[in-house]
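Worksheet for the structure shown next.
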Protein chains: 2
Amino acid sequence: MSAKYAIGLDYGTNSVRALIVNTASGAEAGTAVWNYEHGTMGVILARDPHLARQHPADYVKGAEVTIVKALADAKKKVRGFKPEQVVGIGVDTTGSTPLPVDRNGQPLAFSKKFAKNPAAMAWLWKDHTGVAEAAEITELAKKIRPQFLAKCGGTYSSEWFWSKIWHCRRAAPEVFDAAHSWVELADYVPAALTGTEAPDKLTVGICAAGHKAMFNETWGGYPDAEFLSHLDPKLGDLRKRLCARVQSIDTTVGLLTPEWAKKTGLPAGIPVAVGAFDAHLGAVGCGIQPGALVKIIGTSTCDIAVWPNTENLADIPGLCGIVNGSVLPGFFGLEAGQSAVGDIFNWFVNYIKPAGKKAYSHADLDHEAAKLKAGESGLLALDWNNGNRTILVDQRLTGLLAGQTLYTTPPEIYRALVEATAFGALTIINRFEEYGVKIEQVVNCGGIAEKSPFTMQIYADVTGRPMKVSRSAQTCALGSAIAGAVVARAHPNYAAAQKAMTGLRPKIYKPNPQAHEIYKELYVLYRTLHDAFGTREWNGNLFEVMKKLIEIRGKIRK
Amino acid sequence: MSAKYAIGLDYGTNSVRALIVNTASGAEAGTAVWNYEHGTMGVILARDPHLARQHPADYVKGAEVTIVKALADAKKKVRGFKPEQVVGIGVDTTGSTPLPVDRNGQPLAFSKKFAKNPAAMAWLWKDHTGVAEAAEITELAKKIRPQFLAKCGGTYSSEWFWSKIWHCRRAAPEVFDAAHSWVELADYVPAALTGTEAPDKLTVGICAAGHKAMFNETWGGYPDAEFLSHLDPKLGDLRKRLCARVQSIDTTVGLLTPEWAKKTGLPAGIPVAVGAFDAHLGAVGCGIQPGALVKIIGTSTCDIAVWPNTENLADIPGLCGIVNGSVLPGFFGLEAGQSAVGDIFNWFVNYIKPAGKKAYSHADLDHEAAKLKAGESGLLALDWNNGNRTILVDQRLTGLLAGQTLYTTPPEIYRALVEATAFGALTIINRFEEYGVKIEQVVNCGGIAEKSPFTMQIYADVTGRPMKVSRSAQTCALGSAIAGAVVARAHPNYAAAQKAMTGLRPKIYKPNPQAHEIYKELYVLYRTLHDAFGTREWNGNLFEVMKKLIEIRGKIRK
């Protein structure tokens with residue numbers, strides 16, 4: 001029996017990747033990356049720093065180019081590999097990244113009239129033009145539909161579906177009026193590959209709909225027309241034109257068209273799975289299961305857990321969403337996250353550019369900071385340079401560093417920043433457990449998990465938990481390939497597919513007990529600052545914070 | 001009538017300067033600086049980072065070398081200048097810098113036995129070995145002599161006279177027992193120049209005694225023997241061996257000895273004024289008068305004001321001292337200060353070494369930061385990298401920076417640090433005024449006042465007050481020369497001497513009204529952080545702080 005392969009397509013912020021994976025072993029046969037052509041590194045920007053769009057033409061061209069190259073790569077690397085061995089395709093993307101489409105489900109930006117209008121393009125996840133709309137949606141839901149907020153952490157975000165569409169309605173009414181409907185990037189790509197873009201053929205994913213568009217079966221799908229009409233009558237009208245076939249990733253949206261088969265060299269008619277967000281399929285690629293927290297650590301983090309949908313689960317405040325089937329079929333998918341992790345380290349290295357004998361690189365700072373002991377610097381930071389996603393759900397927060405003396409060094413600050421992100425990570429773990437979701441293991445993936453043993457060790461020391469690292473360096477694309485393998489029936493279900501296709505690295509970072517004891521003291525101080533600056537409810541005094549930092553510093557240095 | 005000159009001797013931390021000044025015009029005829037020979041840049045250090053001592057031999061040699069060189073310099077620069085035209089000498093020094101002396105008033109360190117014993121040397125102002133003793137003195141005074149603390153801001157410092165002497169008693173009892181008495185450096189130098197070191201001839205200054213040794217005429221001079229004996233019976237004994245002739249700077253301690261005249265080339269018999277601290281005579285050199293605040297801005301600041309001793313004056317909490325006659329005869333001298341100003345900027349440039357295209361210098365950062373607008377960065381800092389002297393009197397405080405984003409730049413941080421020191425300065429001005437000491441003008445001197453127009457402009461904008469800068473670059477030495485001129489009767493009194501010999505630079509930094517409006521908003525936030533971290537009494541919530549910073553930033557950037 002010849003080997004079977006699945007393809008995962010992973011649409012990131014600046015580029016798209018195709019990964020070809022052996023469905024029996026998870027071995028990665030071939031891969032290719034293509035940088036989007038439009039805008040600045042793939043992102044269309046404007047004077048308004050909140051605006052971030054993408055041209056959908058990049059999505060279509062990116063699929064073709066990367067599949068062709070990945071197949072060529074696999075041919076080179078795997079003896080006897082043939083494109084015919086590819087049995088299914090999965091797709092993950094950034095999100096919420098909705099785009100307006102016409103009556104045929106084609107992006108408005110493909111028409112001449114709108115080809116250069118940013119409002120007609122895809123509204124990239126990090127587009128924040130809908131800040132005011134997000135606040136109004138939250139306000140209205142608080143009053144008349146509190147259940148909507150309970151499933152998305154208590155606050156509706158400017159990064160999400162309805163904020164963006166409503167902002168388009170206000171800021172670019174000609175685009176809004178020209179749009180028949182809106183689809184998420186995660187749904188558009190599978191539809192395009194299978195020729196199912198038209199409204200009567202379209203199937204969309206529960207991941208995007210549930211996490212970003214307030215879709216929930218308990219209240220009958222999308223937010224009701226009354227609620228939407230309260231925001232704007234035209235949003236109420238739009239509801240009936242949104243795709244109502246909402247499925248989890250074990251569903252086939254369609255079969256690869258002959259046209260796409262011809263363009264790419266893949267066999268026509270192979271199934272394409274329902275699309276999902278990168279973090280969710282990344283969690284699948286990390287082998288997520290009940291009791292595990294998967295941390296996808298990059299510029300920011302997504303923290304994903306699952307919970308059997310047959311068991312009770314409380315609404316957990318501060319999470320980005322709790323959606324039935326958004327990660328694995330049969331489980332609630334729980335999404336949390338930190339607004340910036342690697343981005344904070346990048347800021348320090350690239351903007352502040354601290355210089356020792358020469359300019360410090362990340363590796364230099366890792367090296368120097370690793371020599372320090374927990375508590376030795378007397379510093380304490382808040383990891384809020386890009387706001388706080390979980391558990392405060394508040395973008396109007398900023399970074400903070402306390403404890404500087406006249407002798408504070410860059411490695412000390414760098415370590416404090418890494419520690420701050422670890423305290424943020426611990427806050428998320430604690431929040432899960434406070435609401436009954438026991439975290440029995442933590443699996444990390446993403447660039448920092450692989451490249452910075454220092455950071456992983458700090459995470460272990462701060463949380464007091466072993467830090468495991470996913471085997472694959474491309475867990476999102478791997479998760480998509482797993483989705484492709486499942487819809488192709490290469491495995492009977494996700495559990496079997498994950499068991500066969502995912503794994504961990506042998507190195508596990510174990511907490512150092514002495515360091516953990518110090519970090520327990522520092523975490524109390526972190527939570528004091530966190531709650532003092534981050535919540536309305538906190539009431540108290542910070543007089544002891546600097547004193548305690550000095551006291552701990554004195555204890556360590558002695 | 002030929003011109004008259006006075007000499008000011010200014011003893012700093014690393015060097016001593018002599019300045020020869022025309023008593024009629026204040027014109028500076030000649031000057032010379034000599035770096036102390038002992039220790040590291042003049043400071044004897046040890047493994048204990050709290051320890052900082054100086055060898056008194058440097059004080060004696062320094063006077064000789066600098067006077068000789070300054071006279072030579074004046075001969076070169078001023079046509080017809082003759083040493084015989086010098087009519088008087090004044091002395092200012094660091095402090096509290098007490099040294100143990102023998103029965104003849106000679107420093108113990110001059111004896112063979114103690115020549116290399118740091119405990120027998122001068123205990124430099126920044127020696128902090130007496131931290132525990134300072135706390136115990138404060139504790140006892142709180143219980144049984146609250147009036148002692150009321151005149152020195154509520155807390156007795158480890159930098160001061162009794163903390164150091166008591167620590168010597170405990171840590172080096174052989175030195176304490178060998179010492180007949182202790183004198184301040186500011187008193188030792190005038191005594192040495194005039195041969196009046198012996199207890200029966202010695203006259204000391206009210207400046208050091210009043211500000212650092214809790215000397216006050218209202219309770220009969222030094223702290224009573226009962227109080228001191230509570231600390232240690234041997235401190236109680238010491239009291240009667242301390243010099244009781246305590247005078248202000250309009251008093252002559254004695255006449256220059258023939259020996260010193262021979263060594264230096266000065267005429268024998270010219271009067272030497274009572275010594276005082278550098279900041280206090282620096283204020284004199286800035287032309288201090290009622291209604292003026294003189295800010296001596298260097299690595300840290302001293303803020304000096306005066307108040308007629310015929311009028312009522314409340315005890316002002318948080319000041320470093322309120323002493324009758326410590327600055328000008330007939331006035332209370334009021335001393336406040338910031339623990340670090342230039343030192344914070346130095347930390348950022350020298351330790352963090354932020355790098356743009358190349359490494360940033362102070363001047364680069366001044367230049368870049370000056371281009372920014374008030375409030376534009378969204379940053380807010382606390383100027384506590386070296387603790388807080390006035391108004392919190394708390395060394396166990398540390399620096400803080402809030403408001404960082406992923407795009408925060410070094411010039412933005414630098415500006416926030418400068419602004420923080422300006423907010424600290426405003427807090428001091430407000431404290432004076434809250435207790436009835438109206439500040440009608442602010443006169444700045446010291447390196448930063450001269451070299452950083454950017455900093456002076458920020459100070460004007462933050463305080464909403466014009467910032468004036470003293471004409472002389474050597475205000476401390478000039479103030480000492482004025483003291484020399486007054487005891488030589490070149491002027492009938494200080495007012496006349498200051499009028500003739502001091503002045504301001506033509507450039508006055510005027511507040512920009514728009515910037516001041518923004519800084520008024522930011523100062524409210526600064527005080528919130530200041531009180532939250534710096535006082536036990538504060539009770540509240542910081543939820544609005546980051547929000548307001550973002551709001552102000554948004555307003556400016558719009």
Side-chain angles (χ1 to χ4, degrees), chain A residues 49 299 339-340 343-344 346-348 350-360 378-382 384-387 394-410 412-413 529 531-547 549-551 553, chain B residues 299 339-340 343-344 346-348 350-360 378-382 384-387 394-410 412-413 529 531-547 549-551 553 557:
Chain A
T299 52
S339 299
D343 266 349
I344 298 182
N346 290 339
W347 161 69
F348 191 59
N350 298 330
Y351 278 75
I352 306 308
K353 296 192 184 181
K357 284 178 189 165
K358 55 186 182 64
Y360 279 112
L379 296 176
L380 181 62
L382 290 174
W384 297 350
N385 292 43
N386 195 30
D394 188 347
Q395 295 313 302
R396 288 160 54 92
L397 293 171
T398 47
L400 182 144
L401 180 68
Q404 297 93 307
T405 69
L406 295 173
Y407 308 102
T408 297
T409 65
E412 289 177 330
I413 295 177
L529 294 186
D531 294 354
F533 284 94
T535 71
R536 286 183 196 281
E537 296 72 31
W538 189 86
N539 196 295
N541 176 287
L542 298 161
F543 186 69
E544 290 302 328
V545 172
M546 290 175 177
K547 310 274 180 286
L549 287 172
I550 291 172
E551 194 184 303
R553 181 182 77 191
Chain B
T299 53
S339 299
D343 266 350
I344 298 181
N346 290 338
W347 161 70
F348 191 59
N350 298 330
Y351 278 75
I352 306 307
K353 297 192 183 180
K357 284 178 191 167
K358 54 186 184 66
Y360 280 112
L379 295 175
L380 182 64
L382 289 174
W384 297 350
N385 292 44
N386 194 30
D394 188 348
Q395 294 313 302
R396 288 160 54 90
L397 293 171
T398 48
L400 182 142
L401 180 68
Q404 299 93 310
T405 69
L406 295 172
Y407 308 101
T408 297
T409 64
E412 288 177 330
I413 295 177
L529 293 185
D531 293 354
F533 284 94
T535 71
R536 287 183 195 281
E537 296 71 32
W538 189 85
N539 196 301
N541 177 287
L542 299 161
F543 186 69
E544 291 301 328
V545 172
M546 290 174 179
K547 311 274 180 287
L549 287 171
I550 290 172
E551 194 184 304
R553 182 183 77 192
R557 289 196 180 173

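Residue numbers begin at 1 in each chain, while the letters A, B, ... track the order of the sequences. Treat the numbers as computed from the prediction; the structure is a model and nothing was measured.
A side-chain donor-acceptor contact under 3.5 Å links B:N541 to the backbone of A:T535.
For A:I352, the parts sitting under 4.5 Å from any heavy atom of chain B are the backbone and the side chain alike. Only the side chain of A:L529 has a heavy atom closer than 4.5 Å to any heavy atom of chain B. If you measure heavy-atom distances from A:Y407 to chain B, the contacts under 4.5 Å come from both the backbone and the side chain. Neither the backbone nor the side chain of B:L549 comes within less than 4.5 Å of any heavy atom of chain A. Of the two parts of B:L380, neither the backbone nor the side chain holds a non-hydrogen atom closer than 4.5 Å to a non-hydrogen atom of chain A.
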- Stepwise, does the side chain to side chain contact (heavy atoms under 4.5 Å, CB included) test hold for A:F543 with B:W538? CA-CA 8 Å; A:F543 186 69; B:W538 189 85; over 6 Å; no
- Task: Using the side chain to side chain contact (heavy atoms under 4.5 Å, CB included) rule, take B:Q404 and A:I344 through it: C-alpha gap first, then chi angles, then the decisive distance, then the call.
- Result: CA-CA 10 Å; B:Q404 299 93 310; A:I344 298 182; over 6 Å; no
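Qualifying side-chain contact (heavy atoms from CB on, under 4.5 Å) partners for B:E412, counting only residues two or more places apart in sequence or in other chains: B:L372, B:S377, B:L379, B:T408, B:T409, B:R557. Taking A:D343 as the reference, A:T299, A:A340, A:N346, B:L406 meet the side-chain contact (heavy atoms from CB on, under 4.5 Å) condition, with sequence neighbours excluded.
When all heavy atoms are compared, the tightest approach of B:I413 to A:W347 is CD1-CZ2, 4.4 Å. The two atoms that bring A:A402 and B:L400 nearest to each other are CB-CD1, 3.8 Å, heavy atoms only.
Looking only at heavy-atom pairs under 4.5 Å with chain B, the residue among A:A532, A:P354, A:A381 that has the most is A:A532.
Under the 4.5 Å side-chain criterion, counting only non-hydrogen atoms from C-beta, B:D394 is in contact with A:K547. A 4.5 Å side-chain heavy-atom check between A:R536 and B:E544 finds at least one atom pair inside the cut-off.
Between A:L397 atom CG and B:T405 atom OG1 the span is 13.0 Å, to the nearest 0.5 Å.
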